[in-house]
Amino acid sequence: MRYVDSFRSIQRICSFSVVVSIALVRSTSAIAAPTILLDRATQGMVVSAHPLATQAGLSMLQQGGNAVDAAVATTFAISVVEPFSAGLGGGGFLLMYQAKSNEIKALDFRERAPLNATKTMYLDNQGNVRPNASTNGYLAVATPGTIAGLYEVHRKYGRLPWKTVIAPAIQLAETGLPVSWRFVSATKTRLPTLLKNPDAQKIFTHNGKTYQIGERLVQPELAATLRSVSQNPQDFYTGTIATAIAADMAANSGLITQKDLQQYRPTWRDPVCGDFRKARVCSMPPPSSGGVHLLQILNIIGDTDLKTLGWHSPDALHLLIESMRIAYADRATYLGDPDFIKVPVKALISPVYAQKRRQEINPQKATPSSQVKAVDPAVLQRLTKESVETSHLTVVDRDRNAVSLTFTVNLGFGAGVVAKGTGIVLNNEMDDFAIAPNTPNAFGLVGGTANAIAPNKIPLSSMTPTIITENGRLRLAVGSPGGSTIITTVLQIVLNVLVYEMDVRKAVAAPRVHHQWLPDRLNVESWGLDTLTIADLKRRGHQIEERPSWGNANAIVVMPDGSLEGAADPRGEGAASGF
Ligand code: GLY
């Protein structure tokens, strides 16, 4: 039940299904000239989940900034315009492509469990899970990493001054913005939790009533916080903001202390990479499961001629779904924070292993998830020896450097807590741990000891920022929000572009399917598959559940002539814009 109820609300929070057009703001005296957003351009491009955040990033490129400057500015702006999805009180991952050296780097700025966290902190005296303790309120919050991550990547690779890249976000927080249906919908879904927190209620409601679409959201406390961070990024971890967060935690039985904040550091990690046909696919390594399972599924598909089978044909879909099922079974057993457990990455992404698992797939019949197990540790050892809420943004600059960045506060408005006086929405990332063996989290994902809670440990993620090169040149940068569905969303966009040769708009907009081993259910977007295909999949034994839609992906492809084409997901309200 927990899964069903929360998945539905997540659908509402993270995966909106209505396409909106951007309204032109009218002044009383004259109609403002519309800005035309170019989703095909030559000099540079930004795609994000909100037009104002895209604009913030694009303005950096136009001032001579590089992909990192634009990505940092866009990320700060998203934190203001989509406070329900991602922000300063959360964390994330980024992948960065440097065209000159053809190198890809991965930065982990995911949240960490507080030092006082314990394995059983969400259980009562009888060992039962305490409802909502890992999702709502102060105890659900993990130590945020967003500012440390943004500062780290900018310090090393940015070109414009730090103050310049934060400036658009400060302005958006100060002058405000008209809220859209996504904000209103997220607020309605999380209202009972938001009302329990005085600052959240004050900022995101009118005396407890939700905003109407088009009303202006102004966030003066967040603007002040951003100003402090623009003067001194360490203020969040060792200065006045750290003091405010720790004091609010202490007053409300939260676990985060000044020491947690003081010792937070982002981590550079080696991306996971593999070959898929002509392409080199690189993505986020653990503590995200995204890259490992994206590559695992691509390996299982291998050289199957999907194109001849036909896009969304029952045979192609069946192979995709069964591959997803296997990958998510391995995820539940083996994936966790690599600084705490040994994750058999090499084996899981090895083509030899994929071939072995491929043989288990019956081409005509769905294998019930109860019969699909994670790989036997002995086999794995041999192989090793052989060898709704989150936000994504994608940037490519003039030199064809790229950043693919996904960050989050987890569910809509995170823990529903705004740290007193700071305007910062705090995450509920602790729910991404396996809070008890085989107890599904808000996304229905189960896990075991590999992803158990421990002090300072990072909860397992599904975020899959991905960068693909061909012949040493950038080809595609892509990512999406959507919790457990992120991996399969990115997978399908990658296949749509690389195998089916769809243009990027179609690739991002195309209907999706999702299977995550448990629950043993195939999610299909409404209007996504025709009746005969659904009947065929049911005949093969798939238990199908239609859902309105999920994800809010975006992507940029480099065209054969070197120009850029970008697309924001029509399921959201994002925008691609280049020059
Ligand atoms: N909070 C969702 C994820 O990291 O996968």
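For ligands, and for the atoms within them, numbers begin at 1 and follow the listed sequence. Sequence positions, counted from 1, serve as the residue numbers for this chain.
- Contacts of Glu111 with ligand 1, taken as heavy-atom pairs under 4.0 Å, are absent altogether.
- Scanning the protein for heavy atoms near atom 5 (O) of ligand 1, the closest one is Ser462 N, 2.7 Å.
- Residue-ligand proximity, Met463 to ligand 1, at heavy-atom distances under 4.0 Å covers atoms 4 (O), 5 (O).
- Looking from atom 3 (C) of ligand 1 to the surrounding protein, the closest heavy atom is Asp432 OD2, 3.3 Å.
- For atom 4 (O) of ligand 1, the nearest non-hydrogen atom of the protein is Ser461 OG, 2.7 Å.
- Taking the six-membered ring for Trp and thresholds of 30 and 60 degrees, Tyr264 and Tyr237 have nearly parallel ring planes, at less than 30 degrees apart.
- Side-chain contact check for Tyr122 and Asp431: no donor-acceptor pair (N or O, by modelled atom type) lies under 3.5 Å.
- Summarising the local packing, CG of Asp270 is surrounded by 12 or fewer heavy atoms from other residues, nucleotides or ligands at distances under 6.0 Å.
- The local environment of OH in Tyr157 is crowded, with over 12 non-hydrogen atoms from other residues, nucleotides or ligands closer than 6.0 Å.
- Looking at ligand 1, you won't find any N or O of Thr408 less than 3.5 Å from one of its N or O atoms.
- Considering backbone and side-chain N/O atoms, Thr390 never comes within less than 3.5 Å of an N/O atom of ligand 1.
- Note: Tyr211 and Phe183 have perpendicular aromatic rings, judged against thresholds of 30 and 60 degrees for the angle between ring planes.
- Judged by distance alone, the side chain of Asn428 and the main-chain N or O of Leu411 form a donor-acceptor pair under 3.5 Å.
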